[in-house]
Amino acid sequence: MIYSAVPLLLLAVTLPLVGSPAAQVSQPGQSQAGGESGQQLNQKSGAGESVLVSVYVQLDFSNQTWPLTLSRTLTPPFASASSPPATLAGLGLTTECNVHHDGCTYCACLPGYQWNASVCSRRRPCRSPRSRGPCGCLVFSPPEAGYCQLLPPAAPASCLPTVPGTLSLNSQVQMPGNTLNLTLVTSHETTNLNWFLRPAGSPRPILLQPGTQVSLTSSPGQAVLSILNISHKWAGEYTCRFEAQGFRWELYQVVKVPLQATDVARLPDQLSISCATSPSFQLSCCLPSTHLVYTASWSPTEGSKASLVNTPGSWCLVLTVQRCPAADTTYTCELQSPGLTPLRVPVSVTIIQDGDATCPEDSSAVAWNVTKAGHVAQAPCPVNRTGVVKRTCGPDGSWEPIHGGCTDAGVLALFHRAWLLRAGQGWPAVEAPQILAELSEQAKVVSSPSDLLALLGTISFLAKVVVDARIQLNRSALEALLKTTDKVLDLDTSSLWTPARAQKPSTGSDLLLAVETLARSLCPQDHPFSFSLQNVRLQTQLLGPSPADYRVSFPTRPPLRAHIPRCSLAPLGRNGTNVSITSLVLRKLDRLLPSSYGQGLGDSVYATPGLVLAISVMAGGQAFDQGEVVMDFGGTGGTPHCVFWDHSLFRGKGGWSDEGCQVQTARASPTTRCVCRHLTAFSVLTSPDTVPENLTLERLSQVGLGASIVALLVCLGVYRLVWRVVVQSKVAYLRHTALLNVVLCLLAADACFLGAPLLPPGPRSPLCLAAAFLCHFLYLATFFWMLAQALMLAHQLLFVFDQLSQCRVLSLMVVLGYVCPMGFAGAALALYLPRGQYLREGACWLSGKGGALYTFVGPVLAIVAVNGLVLAMAVRKLLRPSPSEGPRAERRQALLAVIKALLVLTPIFGLTWGLGLATLLEEVSTVPHYIFTILNTTQGVFILLFGCLMDKKVREALLKRFCRSQSPNSTISLATYETYIPEQSQGRSEDTR
């Protein structure tokens, strides 16, 4: 036992005893530190000669010499009376202990001995040379009984113990980008195997764990460490530590990785200089510390002097050029290492000659020397900042804005630590909370976009490390994260966030994902937890295996509430697992997220209320994203859309999506209730660029459609009364047949359009989709039948003596009037519905943002153009009749008929939709909407007046029908007129009436 603080303590344990081999020897008072009682460390050396046994003996010495009695033959006190006496043949010392001034006892094992794995795992090692082995020296406080044990026997030809394993390396010098493989082959069963790396200049080894670059595999008798895409950051001494045969063992291999040109820092990498103003200059070539020995040199060296400068973690070779060269020169920093190809890094120096355009010296923020036009000047960053700032001298000799970035050294150091932790270097459970705590302080010094990107990158790396390593954070670590997030959201948008987003568009999305991930990683014993800052509010709650309804509210402006029903949480606690729920509200983050919208939202630009609510549910250490959640967002205006941030959209950049979410609150309510079938980050979007709801416009549209429907019904009634009278010739039959189909299609389209607002809007409503498709098809059919009527008129005017049969013309008109619009409507549905760009916001009609509406407006305007050409041709034909086309009176009558036709075709042939296109281009003003609504909803009235009642035959037939008195002359003249026109120009005359 170790009791008092004396200069030297020896624990003698291995005694070769001479006597009967049958003697039973036991070890009295043995503690756990020394091993099992009565442990036999060696086999019998010979029959009846000697045996090695373990006996614990404590020898306390102060300033005395060794007692002479130790050199005599001793009789052990534990020999029994019935057995022959045993003789002490020799004494082997195993452990040497010293008590230091700090009160701790440092016990070191002598050669051939080592502390066993059980003791080694509970005590910290001494700071002693590695020659003592992994457990060769331990620190005891308070002292306890124990001693070093004899290592397994060595090979006969070796005095060292036999290590139960070998560590092999595929190549000691690894080329950058290759994969390093370290293989451990063991001869005994191993436990507690770990890998460590001690980089060059590092005071202690770093634990290696699976990461983006580290891969660990094991099988019986073998373990492999793989490092992917190796670089000089992975060079160093690798240690494989494991336990076997009751002891801890360590095997070592040194890995060397040559440097690349990108690992060498040049300042500057190019230089333009005026020998008149700067006759001397300096060039630097800096290398990181490595296990490879490099020899650096500059060339050319005429008029120059090189000096070596050591910095923490690197060293630089500085070339001071004392005599400016007469012409442009390329200086080369050459790095040589035995057995490797020399590495050459060039630096071009351009000499400014007389007459060259230059940018003058500028010392406004950074000292910029005279620089030749078209070249880039470089300057080091200020103290405590890392990087290089650059400034281009324009062709006209004027300085351009400064670019490049200086990153705060502290922020960059945390970024590198997090990056290495993610790659596989370090102890995540210890280092992740430490980095989070330091980030809270470093957020105060963020002053550039590069600082912001480094800070956000650190948070993202830590979030991935926490998930991969299944780490649980304590309250202090989570508070540090939330404080950092609050400061980051308060940073200036124009000078920091906008440039940062320009460099990395997914910056805001990555921050949201990282904070959401870390916030739900709180230890179960730290629930419930509530935290509130200006831009960040957090509430967590731990529910039992049988959770009730979850409700949470935040006193934000506007207010925010959330509710998860019990039916969504009950399945998570079936196995007796506790359920934890984390609700996080972030302000100002919505303006930092990209304006990207998924299917169902189209290409509109939306506004958010400034709040993003993230809800996470954890059960059994796993995150669950399925379940119904009800949220109330206050203070929303316009047309609300319940959305969530989908990180998978747009190739990982993220975007707003409404999939699985719907609005349940009426429009008149100031609060928007959202019901979603999954859990993530939610918000509410509104459409500020759409035309605001106008009751006057809605009423005007309804009245106009009602009047149009009544007029079209009257038109059908008129045709029912006079049909047989007005279709006595082929031309008249085709003309009125086309007009009748126009009336039927427009009547059905108006009725469908009038009833569409009564249907639930949205792409998930089959009735709404059907109404939009039918309106599209029927309105297009209306205009295509008008086109058929115009083409029939053109054929009658151009081919007077080459007439088609009535059946054939009617078949062609049916194909044009119904098949063509069906093709356009079907193509629009198939093309734009999968993209979420088919329906307009909150309406059962085509969207004007994605292009669906243009599949209607485009054909309509094309039909208007064709009809305009037909009318122009008709006017020209009637104004220049041939001698066979009739007298001048008929010519005047035909001209009047064309004027009437023009009055009919102008509103009917879709000039209204030209104004409709203008409403898409001028969405701010409501005047075009009023004009368009009036003209569009009264087309049925125009058809009744100009297409039906202004027709002379229709009026005469109505008079005959209702008055029941008609003069014979009138009847004869009508019959004569009908028979005369076909003989001259039947098609033209019929169409001009």
Side-chain angles (χ1 to χ4, degrees), residues 125 127-134 163 165-184 194-209 211-216 223-242 249-266 284-297 306 308-318 333-345 413 416-417 419-421 423-427:
R127 294 183 180 180
S128 59
R130 187 189 301 161
S131 59
R132 293 186 180 273
V163 180
T166 58
L167 183 62
S168 61
L169 178 65
N170 54 353
S171 176
Q172 191 174 22
V173 178
Q174 298 285 327
M175 299 309 296
N178 291 351
T179 299
L180 167 67
N181 290 313
L182 281 166
T183 304
L184 172 69
N194 289 297
W195 298 87
F196 297 88
L197 167 63
R198 186 194 298 269
S202 176
R204 61 179 59 90
I206 301 173
L207 177 69
L208 299 179
Q209 294 199 3
T212 56
Q213 291 185 247
V214 177
S215 174
L216 301 177
V224 179
L225 166 69
S226 299
I227 308 294
L228 308 176
N229 192 24
I230 197 169
S231 65
H232 78 278
K233 296 181 179 179
W234 296 90
E237 183 184 67
Y238 284 83
T239 302
C240 180
R241 179 183 297 171
F242 60 95
W249 306 90
E250 288 183 354
L251 297 174
Y252 308 93
Q253 284 284 2
V254 176
V255 175
K256 302 176 182 180
V257 182
L259 296 176
Q260 295 178 288
T262 54
D263 301 326
V264 181
R266 299 166 293 168
S284 298
C285 177
C286 299
L287 286 73
S289 299
T290 66
H291 281 79
L292 290 172
V293 178
Y294 279 95
T295 301
S297 61
L308 190 63
V309 178
N310 289 317
T311 59
S314 65
W315 57 273
C316 300
L317 184 64
V318 180
C333 178
E334 184 172 302
L335 307 175
Q336 293 183 341
S337 183
L340 297 176
T341 303
L343 181 63
R344 295 179 176 88
V345 181
H416 287 155
R417 284 181 59 188
W419 181 84
L420 290 174
L421 200 62
Q425 289 190 25
W427 194 278

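Not measured: the values here are computed from a predicted model.
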May I have the step-by-step check of side-chain contact (heavy atoms from CB on, under 4.5 Å) for V224 and L182, ending in yes or no? CA-CA 6 Å; V224 179; L182 281 166; over 6 Å; no

Please lay out, stage by stage, how C316 and C285 fare under the test disulfide bond (SG atoms under 2.5 Å apart). CA-CA 5 Å; C316 300; C285 177; over 6 Å; no

I would like to know whether L184 and L251 meet side-chain contact (heavy atoms from CB on, under 4.5 Å); could you show each step before the answer? CA-CA 9 Å; L184 172 69; L251 297 174; 3.6 Å; yes

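Between the side chain of R241 and the backbone N or O of F196, no donor-acceptor pair lies under 3.5 Å. With Y294 contributing its side chain and L259 its backbone, the two residues share a donor-acceptor pair below 3.5 Å. Checking side-chain atoms of S337 against main-chain N and O of L340 turns up no donor-acceptor pair under 3.5 Å. In this structure, Q425 contributes its side chain and I206 its backbone to no donor-acceptor pair below 3.5 Å.
Residues forming a salt bridge (Lys or Arg N to Asp or Glu O under 4.0 Å) with R266 (at least two apart in sequence, or on another chain): none. Evaluation of the side-chain hydrogen bond (donor to acceptor under 3.5 Å, both in side chains) rule for N170 yields Q174 as partners, not counting sequence neighbours. Take E334 and apply the side-chain hydrogen bond (donor to acceptor under 3.5 Å, both in side chains) test, not counting sequence neighbours, and it matches Q336, R344.
Atom CG of residue L317 and atom SG of residue C333 lie 6.0 Å apart, to the nearest 0.5 angstrom. Of the inter-residue distances, the one linking W249 atom CH2 with C240 atom SG reads 13.0 Å to the nearest 0.5 angstrom. Taking OG from S226 and CH2 from W195, the interatomic distance works out to 9.0 Å, rounded to the nearest 0.5 Å. How far CG of L167 is from CD of E250: 11.5 Å, rounded to the nearest 0.5 Å. To the nearest 0.5 Å, atom OG1 of residue T295 and atom CG of residue L335 are 9.0 Å apart. Here NZ of K256 is found 9.0 Å from OG1 of T290. Values are rounded to the nearest 0.5 Å.
Remark: of the listed residues V257, L228, I227, I227 is the sole one forming a side chain to side chain contact (heavy atoms under 4.5 Å, CB included) with W234. Checking each of P199, P258, P288 against H232 for a side chain to side chain contact (heavy atoms under 4.5 Å, CB included) leaves exactly one that passes, namely P288.
Annotation: side chain of Q172 is not in contact with side chain of V255 (no heavy-atom distance under 4.5 Å). V214 has its side chain out of reach of Q209: every pair of non-hydrogen atoms, C-beta onward, lies at least 4.5 Å apart. Inter-residue side-chain proximity for T179 and I230 is flagged as unmet; no heavy-atom pair is nearer than 4.5 Å. In this structure, W315 and L308 have side chains that are in contact, with non-hydrogen atoms separated by less than 4.5 Å. Using a 4.5 Å cut-off on side-chain heavy atoms (C-beta onward), Y238 and L180 make contact. Using a 4.5 Å cut-off on side-chain heavy atoms (C-beta onward), L225 and L208 make contact.
The two residues P205 and R198 make their nearest non-hydrogen contact at CD-NH2, 3.6 Å. Nearest heavy-atom pair, L197 versus A235, reported as atom, atom and distance to 0.1 Å: CD1-O, 4.1 Å.
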